[in-house]
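Working notes, structure below.
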Amino acid sequence: MKDIHTNLDNLTKKIAAAAKAAGRDPSGVKLIAVSKFQPVEAVEAARNAGQTCFGENRVQEAKGKYASLRAQHPSLELHLIGPLQTNKAEEAVKLFDVIQTLDRPRLAAALAAAMKKSGKTPRLYVEVNIGHEPQKSGVLPEDLDNFLKQCREDYGLKVEGLMCIPPFEDDPSPHFRHLKQLADRHHLKHISMGMSADFEQAIACGATEVRIGTAIFGERLTPIN
Ligand SMILES: *Cc1c(COP(=O)(O)O)cnc(C)c1O
């Protein structure tokens, strides 16, 4: 757990250096500590080291880990970064400050209904399937204009950012630049891209949020997917 503190310090330095190298203010890049498959003790260790923003992939897992932490620490910010099923929309709206994976009209409808019912208004980002990968979720880049319009006009949802996960085997930079262009075109200020292996490139391309797990917490107990 001591490593977590050191890893966070190192990462913070690397993020600042990458921002400066790109002529950007380091305060414009937020670190989201991705704690999926990590025990609550690891989250506590990160929090004790000063980390306030966390990301989780699954509603159920996040609820188990964060329900009491959230009550104790109101400044803690929690992002959902994994796919969301419509039947979990209500729980997600109650638990998360940011939902980064809005990607289809049915989910937009479910979130709109859940927000109305609970009075809670998490920030919403649209996930873009930037590499056109058939197995991946996300809106295709060419469908984004329409989808954003639909979110706004049909469901009254305010979308404030975009997120993407580029294809594993590609050079991520062209995909990151593409997401940045899409965000700029729609005046969306939150751009969530970059993970442990490629956050420096993402920052060079304009990321405002990087989602990092392994480089903070080490290898996960269970493989993802
Ligand atoms: C797991 C995950 C991350 C973090 O990945 P690392 O390689 O461990 O940094 C970031 N974003 C998403 C969507 C993830 O599922």
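Atoms within a ligand are numbered from 1 in the order they appear, just like the ligands themselves. Residues: numbered from 1 along the sequence shown.
With ligand atoms numbered from 1 in the order given, ligand 1 contributes 11 (N), 12 (C), 13 (C), 14 (C) to contacts under 4.0 Å with heavy atoms of I81. Which parts of ligand 1 touch T214 is read off a 4.0 Å heavy-atom cut-off, strictly below it: atoms 6 (P), 7 (O), 8 (O), 9 (O). Set against the non-hydrogen atoms of I165, the atoms of ligand 1 under 4.0 Å away are 13 (C). For ligand 1, the atoms closer than 4.0 angstrom to any heavy atom of N57 are 15 (O). Listed by number with element, the atoms of ligand 1 under 4.0 Å from a non-hydrogen atom of G213 are 4 (C), 6 (P), 8 (O), 9 (O). Taking every heavy atom of R211 and a limit of under 4.0 angstrom, the matching atoms of ligand 1 come to 4 (C), 9 (O), 10 (C), 11 (N), 12 (C), 13 (C). Listed by number with element, the atoms of ligand 1 under 4.0 angstrom from any heavy atom of I212 are 9 (O).
The aromatic rings of Y125 and H190 lie parallel to each other, their planes meeting at an angle below 30°, with 60° marking the opposite boundary.
The distance from the CE atom of M193 to the CZ atom of R177 is 9.5 Å, given to the nearest 0.5 Å. I203 contributes atom CD1, which lies 11.5 Å from atom CD of E209 (distance to the nearest 0.5 angstrom).
Hydrophobic clustering places L162 together with F176 (ILVMFWY residues linked when any side-chain heavy atoms are closer than 4.5 Å, directly or through intermediates).
Counting non-hydrogen atoms of other residues, nucleotides and ligands closer than 6.0 Å to NZ of K136 gives a total above 12.
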>> Determine whether L76 and D97 satisfy the following criterion, side-chain contact (heavy atoms from CB on, under 4.5 Å), listing intermediate values before the conclusion.
In response: CA-CA 9 Å; L76 197 144; D97 300 289; 5.8 Å; no

